[in-house]
J.: 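One structure, as structure tokens, below. Some questions next.
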Number of protein chains: 2
Amino acid sequence: MVDHDQQNHERSCCPIACALDHLGDKWTLLIIRDLLLGKKRYQEFLESPEQIATNILANRLKKLEATGFLTQQVYQKNPVRYEYVLTKKGEDLRQVLQALVEWGKTYYPGTEVFKPYG
Amino acid sequence: MVDHDQQNHERSCCPIACALDHLGDKWTLLIIRDLLLGKKRYQEFLESPEQIATNILANRLKKLEATGFLTQQVYQKNPVRYEYVLTKKGEDLRQVLQALVEWGKTYYPGTEVFKPYG
DNA sequence: CTGTATCCAGCCGGATACTG
DNA sequence: CAGTATCCGGCTGGATACAG
């Protein structure tokens, strides 16, 4: 179920297609955004204005962990609690998101990311 | 059905969320990629290595037209046939895709876009 | 708080057939 | 070639309840 390594995807040898196999949905990139903004905990992701459902959030966090975009770090034992932190692979998406933000601010006037990135 | 103007989306005032409402799926950005590479016709999109289904392609082309990413231009009458060309809004995604390509080539070694972009 | 599980309607997307 | 239509299984995602 956990399914480490990348599964059978790899639709083609195109880097965009490969990326989209992992990031091409409505929510994943929004979680990456939150992580880049410094959010680390389950509750923090739930508080984002887009109102992600709990099952979707749990599902995406697992997939992102399984595909090496983030790692879990214990910050409390009994019961164990995790913080989610980006790997370099995840961190390096910052430039992609930044390009998307620039585009988005142009074509959806009035939108704004909550805190400036880098 | 055609639904010009943006519908009810706008999940939030975040430019990334707005962008993902239109681009956040497995296929849309791949069609944009093809358009940026110079493809214009239905058949050309079908020939891409990712093998998009015809119904999905037709659906995405309509949505992209309805949301102003591309326009249709008649190149034959009776029966009427269209070529699909990016608007400036669509063209401006080039930088986003380019950032994604750079990222993808790093984390999916061996992948490569067929022809270099601009 | 940090999740997990479940119900469920609806969309996604693959395959295929069909029309002009 | 350029689409449209349909069948259909499975995933998506919203709501809610439940557990440690």
Side-chain angles (χ1 to χ4, degrees), chain A residues 1-3 7-12 17 20-32 34-35 39-67 70-85, chain B residues 1-3 7-12 17 20-32 34-35 39-67 70-85:
Chain A
M1 181 66 71
V2 187
D3 211 347
Q7 295 116 279
N8 303 352
H9 4 251
E10 308 268 337
R11 275 184 289 178
S12 76
L20 257 27
D21 277 334
H22 299 290
L23 306 171
D25 78 329
K26 209 175 158 186
W27 293 107
T28 302
L29 246 18
L30 251 24
I31 296 174
I32 302 279
D34 282 351
L35 287 159
K39 296 188 182 184
K40 298 181 173 183
R41 299 187 184 180
Y42 202 83
Q43 186 63 21
E44 294 182 285
F45 301 123
L46 290 179
E47 285 162 359
S48 288
E50 294 87 9
Q51 298 273 52
I52 188 171
T54 57
N55 53 347
I56 302 298
L57 175 58
N59 173 285
R60 294 302 187 276
L61 288 174
K62 274 182 188 163
K63 285 188 180 177
L64 286 171
E65 199 274 335
T67 48
L70 58 78
T71 57
Q72 300 177 225
Q73 296 185 354
V74 176
Y75 73 88
Q76 174 194 302
K77 299 190 175 187
N78 198 359
V80 62
R81 293 286 177 254
Y82 300 99
E83 285 187 338
Y84 303 92
V85 299
Chain B
M1 184 67 69
V2 188
D3 210 346
Q7 296 117 281
N8 302 352
H9 7 247
E10 309 267 338
R11 276 184 288 178
S12 75
L20 258 26
D21 278 334
H22 299 290
L23 306 171
D25 77 328
K26 208 175 158 185
W27 292 106
T28 302
L29 246 19
L30 250 24
I31 296 174
I32 303 279
D34 283 351
L35 287 160
K39 297 187 180 182
K40 298 180 172 186
R41 298 187 185 179
Y42 203 81
Q43 187 63 19
E44 294 182 284
F45 301 124
L46 289 180
E47 286 164 357
S48 289
E50 294 86 8
Q51 299 274 52
I52 188 170
T54 57
N55 54 347
I56 303 295
L57 175 59
N59 172 285
R60 294 302 187 276
L61 288 173
K62 275 182 187 162
K63 284 188 180 177
L64 287 171
E65 198 275 336
T67 49
L70 58 79
T71 59
Q72 301 178 223
Q73 296 185 355
V74 176
Y75 74 88
Q76 175 193 302
K77 299 189 175 188
N78 200 358
V80 63
R81 294 284 178 254
Y82 301 99
E83 284 186 337
Y84 303 91
V85 298

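Worth saying up front: this structure is predicted, and the values here are computed from it rather than measured. First the proteins, then the strands, lettered A, B, ... as listed; each starts at 1.
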J.: Give a yes or no on whether a salt bridge exists between B:Asp34 and B:Lys40, defined as a side-chain N under 4.0 angstrom from a carboxylate O.
T.: no
J.: Determine, step by step, whether A:Leu35 and A:Val85 satisfy the side-chain contact (heavy atoms from CB on, under 4.5 Å) criterion, reporting the C-alpha distance in whole Å, the side-chain angles of both residues, the deciding distance to 0.1 Å, and the verdict.
T.: CA-CA 7 Å; A:Leu35 287 159; A:Val85 299; over 6 Å; no
J.: Find the distance A:Lys39:NZ to C:dT2:P and express it as a whole number of Å.
T.: 13 Å
J.: When you list every nucleotide of DNA chain D with an atom under 4.0 Å from a heavy atom of chain A, which one comes first 5' to 3', and which comes last?
T.: D:dT12 to D:dG20
J.: Can you give me the bend angle of the helix from C:dC1-D:dG20 to C:dG20-D:dC1? Use the axis through the first five pairs and the one through the last five, nearest 10 degrees.
T.: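 About 30°, once rounded to a multiple of 10°.
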J.: Please test A:Asp25 against B:Leu20 for side-chain contact (heavy atoms from CB on, under 4.5 Å), starting from the C-alpha separation and ending with a verdict.
T.: CA-CA 8 Å; A:Asp25 78 329; B:Leu20 258 26; over 6 Å; no
J.: How long is the span from the CG atom in A:Leu64 to the OH atom in A:Tyr84, to the nearest 0.5 Å?
T.: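 Atom-to-atom, A:Leu64:CG and A:Tyr84:OH are 10.5 Å apart.
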J.: Taking atom P of C:dG3 as reference, at what distance in whole Å does atom CD of A:Gln43 sit?
T.: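 The answer, rounded to whole Å, is 10 Å.
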J.: Go through it in stages, so that I can follow the logic: the residues are A:Leu61 and A:Phe45, the test is side-chain contact (heavy atoms from CB on, under 4.5 Å), and I'd like the CA-CA distance, side-chain angles, deciding distance and then a yes or no.
T.: CA-CA 10 Å; A:Leu61 288 174; A:Phe45 301 123; 4.3 Å; yes
J.: Take atom CZ of A:Phe45 and atom C1' of C:dT2, then tell me their distance rounded to the nearest Å.
T.: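 The answer, rounded to whole Å, is 12 Å.
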J.: Could you tell me whether the phosphate oxygens of C:dT2, OP1 or OP2, come under 4.0 Å of any side-chain nitrogen or oxygen in A:Tyr84?
T.: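 So the side-chain polar atoms of A:Tyr84 never come under 4.0 Å of the phosphate oxygens OP1 or OP2 of C:dT2.
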J.: Could you walk me through whether A:Ser12 and B:Gln51 pass side-chain contact (heavy atoms from CB on, under 4.5 Å), step by step?
T.: CA-CA 9 Å; A:Ser12 76; B:Gln51 299 274 52; over 6 Å; no
J.: Could you encode protein contacts along nucleotides 7-20 of chain C as a string, one character per nucleotide from 5' to 3', using B for base contact, S for sugar-phosphate-only contact and - for no contact, with a heavy-atom cut-off of under 4.0 Å?
T.: -----SBBBB---B
J.: Quick one: A:Arg41 CZ to C:dC1 C1', roughly how many Å, whole number?
T.: 10 Å
J.: Under the salt bridge (Lys or Arg N to Asp or Glu O under 4.0 Å) rule, collect the residues that match up with A:Arg41, sequence neighbours excluded.
T.: A:Glu83
J.: Who passes side chain to side chain contact (heavy atoms under 4.5 Å, CB included) against A:Ala58, sequence neighbours left out?
T.: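 Applying side chain to side chain contact (heavy atoms under 4.5 Å, CB included) to A:Ala58 gives A:Tyr42.
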J.: I'd like to know if A:Asp21 and A:Arg11 make a salt bridge, using a cut-off of under 4.0 Å between side-chain N and carboxylate O.
T.: yes
J.: Which residues pass the side chain to side chain donor-acceptor pair (under 3.5 Å) test with A:Glu44, sequence neighbours left out?
T.: none
J.: Using only heavy-atom distances, determine whether the side chains of A:Lys63 and A:Thr28 contain a donor-acceptor pair under 3.5 Å.
T.: no
